[in-house]
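What follows is a short report on a single structure.
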Amino acid sequence: TFLPLSPAAHSLSAMKMIQCVLRMLFLSVLVAFAACNAPPVPLDDILIEKTFVPEQCVRAVKVGDYVRYHYIGTFPDGKKFDSSYDRGSTYNVFVGKKQLIEGMDKALVGMCVNERSLVKIPPHLAYGKRGYGDIIPADSILHFDVLLLDVWNPEDGVQINTYHTPSTCERKVEVSDYVRYHYNGTLLDGTLFDSSHTRMRTYDTYVGIGWLIAGMDQGLLGMCVGERRIITMPPSLGYGENGDGSDIPGQASLVFDVVLLDLHNPRDGITVTNQVVPESCTRKSVSGDFVRYHYNGSLLDGTFFDSSYSRNRTYDTYVGRGYVIAGMDEGLIGVCVGEKRTITIPPHLAYGEEGTGSKIPGSAVLVFDVHIIDFHNPSDITEVKVTYMPEECGRQTKKGDFIKYHYNASLMDGTSIDSTYNYGKTYNIVLGANQVVPGMEEGLMEMCVGEKRHLIIPPHLGYGERGVPGSAVLVFDIELIDMEEGLPEGYMFIWNDDVSPDLFAEMDKDENKQVEPSEFTDYIMRQVTEGKGRLAPGFDPYRIIDNMFSNQDRNGDGKITEAEFKLKADEPAHDEL
C-alpha cells in the first residue's frame, strides 16, 4: 500500500533508500572477500564429476580388473603435474590391488569404456603429508581428468555376440576348416586398427590349428556362412603385453566384427543336392557323354559370378574327360535329361588358391545350379520307337521311295522347333537321296503308310555343332502319309514294257540319223505319259532326262548318233536308258 507523501517526505525517503543500498553492496563485497581468502574446505572423500558418459556401457570396472586409461593430473589451481598424453602411452594397471593411489583405485571402479570423469582426490587418499618428490607437495589435493579406454580381467575368455544368423545353416566352422571372412578390427574404445574391407579382400585361413591369434581361432568356431558376430578377446588371447608393434598397443582388448563368407575342409568332395528329378529317366549321363546344360554360378555367400542364361546359350561339353573343372566333371555324371541339381564344389576341385583373378576369388567354394537340357554319346545311334502301327501294311519304305510325312520337331527339353502341321502340308523326300539328315533317313526306313514313330537323333546324325542350337539332340514325332515306290538303285528311268527294237528310229522323228535334245525329251515324256516307262519319283523329270541325254551324248556335241546310243544294260554303271 502506497500513502501520499509531501515533497520533503519524498526526498527524505529517497536518501534513506540510497544509503540502504550502499550498505548492502558494501556488505556483499566484504562477504566475497572473506570467501576468496578463506581456507579451502577439506575433502573427506573423492569427488567425481562425470563429464562424458557413453550411451552404452557393456561392462563397468570392478576390483581386480585390468584397465588402460589416459589422464591429465593438475592441482586445484589448474597447474599440470603429469599427463599420460604427454608420454604417448596409456596408463595400464590392475584396479583395487594397491598399484594406484587409493583415491584413483576408488575412482576407477564403476567406470565404463569411453567414460570421462573429473576426479578430485584429497591428500589422505593421494600422497598425503609426504607428497611425491619435487612434483607433488605434501597435503596436496589432486585433480585427474580420466578417460577409460579398456577393461578386462585375467579370467576373461572370448566373448561372442552373434547379431545376424542366416535362415539356413547346413554347416558350421570346425577345427581344421578353411574359411574366408571379412572383418573390422577395433580396440575396446572403438579405435579402428585394421579392416579387410579397406583392402577389398577377404582374410583366408585355416581355423583351430594356430594360424590365427588364439581368440580368433576360438571365436570363428561354430559360425555359419553368412553369420555376423562380434568377437571380443582379452590381450592374453590377442597380442598380449607387447601388442603388434604398430596399431595395437600392449595389453589391449580386441574387438572383431566378422562376417563369414566361405567355408570348406581340404577333405571335402563335391556335394550334390537334387532340386528337380524328372519322373521318367530312361538314361543317365556317363563319362564320355556330351552334355548341354544351363547354370547359374555363385559363391557360397550367394555372390553371383556367372550364368549361361545371361548369354542365352547352353554350356556344351564332354564330361569325365577333364574339359571342365574336376568338381563339375564329377557333378554332371549320373544326371537325367531335365534334371535340376545344385553342385557345391570346394576350391581344390574348382579354381584353387588362385581363383580366376576377377570374379572368382582364390580358395572359393563354388555353387552351381544346373539344369540338364540334353546329352548324348558319340557312339549313339538314332533311337526309333513305334508309337502307332496300322492294322494293314501293304509294303514298307525303302531306299529310293518317294515319301510324304508329317513331323513335330523339338529339343529334348520339349522346346518346339518346327512342325509341318503348322504349314498344312507334308514334307516330301526321296529316301536315300541325302535330302534329310542321316538320323531321319534311318528313322523313315521300313515304315508303313499311317505308321507313327518317335525318333531321338543325336547331333552327329542330325545338324551337328552348327545346329540350332548347336550339338543338340533332336526329337521327331513323325507320321507317314503316303509313299510312291522308287526305282531300283542306280536307275532314274525304267521301262514298264519290253524295249522297242527300233528305239533309236522312234526317237529320230526327222530321220536325220541323229537325235536332238527336244526329240529325246518328247519321246521319254511320251513313254511316261502312256505308262510304258517310269521316271524316278520325287525328282525334276526334265533334269533326269537332261542327265540321260548327256550320258548318251558321248562326244558332247549336243546330238546322239546311232553309234553313241546304248541301253543301260549294255554298260556297267550309268543313269541312262
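The figures that follow rest on heavy atoms only: side chains count, while hydrogens, waters and symmetry mates do not.
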- Message: Can you confirm whether the side chains of H143 and T74 place a donor and an acceptor under 3.5 Å from each other?
- Response: no
- Test salt bridge (charged side-chain N to carboxylate O under 4.0 Å, His left out) applied to D177 - qualifying residues, sequence neighbours left out: R171
- Task: Output all residues satisfying side chain to side chain contact (heavy atoms under 4.5 Å, CB included) with N153, sequence neighbours left out; order by chain, then residue number.
- Result: R59, D65, E155, D156
- Item | Atom CG of D86: over 12 foreign heavy atoms under 6.0 Å | yes
- Query: Which of parallel (below 30°), tilted (30 to 60°) and perpendicular (above 60°) describes Y66 and F94?
  - Reply: perpendicular
- Does I373 offer a backbone N or O that forms a donor-acceptor pair with the side chain of D413 under 3.5 Å? no
- Message: Please check: side-chain N/O of D217 versus main-chain N/O of V207, any donor-acceptor pairing under 3.5 Å?
- Response: no
- Item | Any side-chain heavy-atom pair of L47 and V119 under 4.5 Å | no
- Item | Student check: side-chain heavy atoms of L188 and T232 closer than 4.5 Å | yes
- Query: So which heavy atom on D77 is nearest to which on K79, and how close?
  - Reply: OD1-N, 3.0 Å
- Message: According to side chain to side chain contact (heavy atoms under 4.5 Å, CB included), who are the partners of K359, at least two apart in sequence or on a separate chain?
- Response: F305
- Which atom names give the shortest non-hydrogen contact between P458 and D380, and what distance separates them? CG-O, 3.8 Å
- Query: Side chains of Y71 and D82: is there a donor and an acceptor less than 3.5 Å apart?
  - Reply: yes
- Message: Going by the rule salt bridge (charged side-chain N to carboxylate O under 4.0 Å, His left out), which residues pair with D257 if we only count those two or more places apart in sequence or in a different chain?
- Response: none
- Is the number of heavy atoms from other residues, nucleotides or ligands under 6.0 Å of Q99 CD greater than 12? yes
- Task: Could you tell me which residues satisfy ring pair (Phe, Tyr, Trp, His ring centres under 6.0 Å) with F75, sequence neighbours excluded, listed by chain and number?
- Result: F81
- Message: Tell me whether the count of non-hydrogen atoms from other residues, nucleotides or ligands lying under 6.0 Å of CD in Q275 goes above 12.
- Response: yes
- By ring pair (Phe, Tyr, Trp, His ring centres under 6.0 Å), which residues pair with F256, not counting sequence neighbours? Y183, F193
- Message: Tell me if the CZ atom of R313 is crowded by more than 12 foreign heavy atoms within 6.0 Å.
- Response: no
- Of all residues at least two apart in sequence or in a different chain, which pass the ring pair (Phe, Tyr, Trp, His ring centres under 6.0 Å) check with F290? Y318, H376
- For Y178, the ring pair (Phe, Tyr, Trp, His ring centres under 6.0 Å) test, sequence neighbours excluded, returns Y206, H264
- Which disulfide bond (SG atoms under 2.5 Å apart) pairs, counting each pair once, include a residue from residues 147-254, with sequence neighbours left out? C169-C224
- Query: V175: what forms a side chain to side chain contact (heavy atoms under 4.5 Å, CB included) with it, not counting sequence neighbours?
  - Reply: L221
- Item | T202: partners by side chain to side chain contact (heavy atoms under 4.5 Å, CB included), with sequence neighbours left out | R180, H182, D204, L261
- Message: Does R267, at its CZ atom, have more than 12 non-hydrogen atoms belonging to other residues, nucleotides or ligands within less than 6.0 Å?
- Response: no
- Report the residues that fulfil salt bridge (charged side-chain N to carboxylate O under 4.0 Å, His left out) with D306, sequence neighbours left out, ordered by chain and then residue number. R311
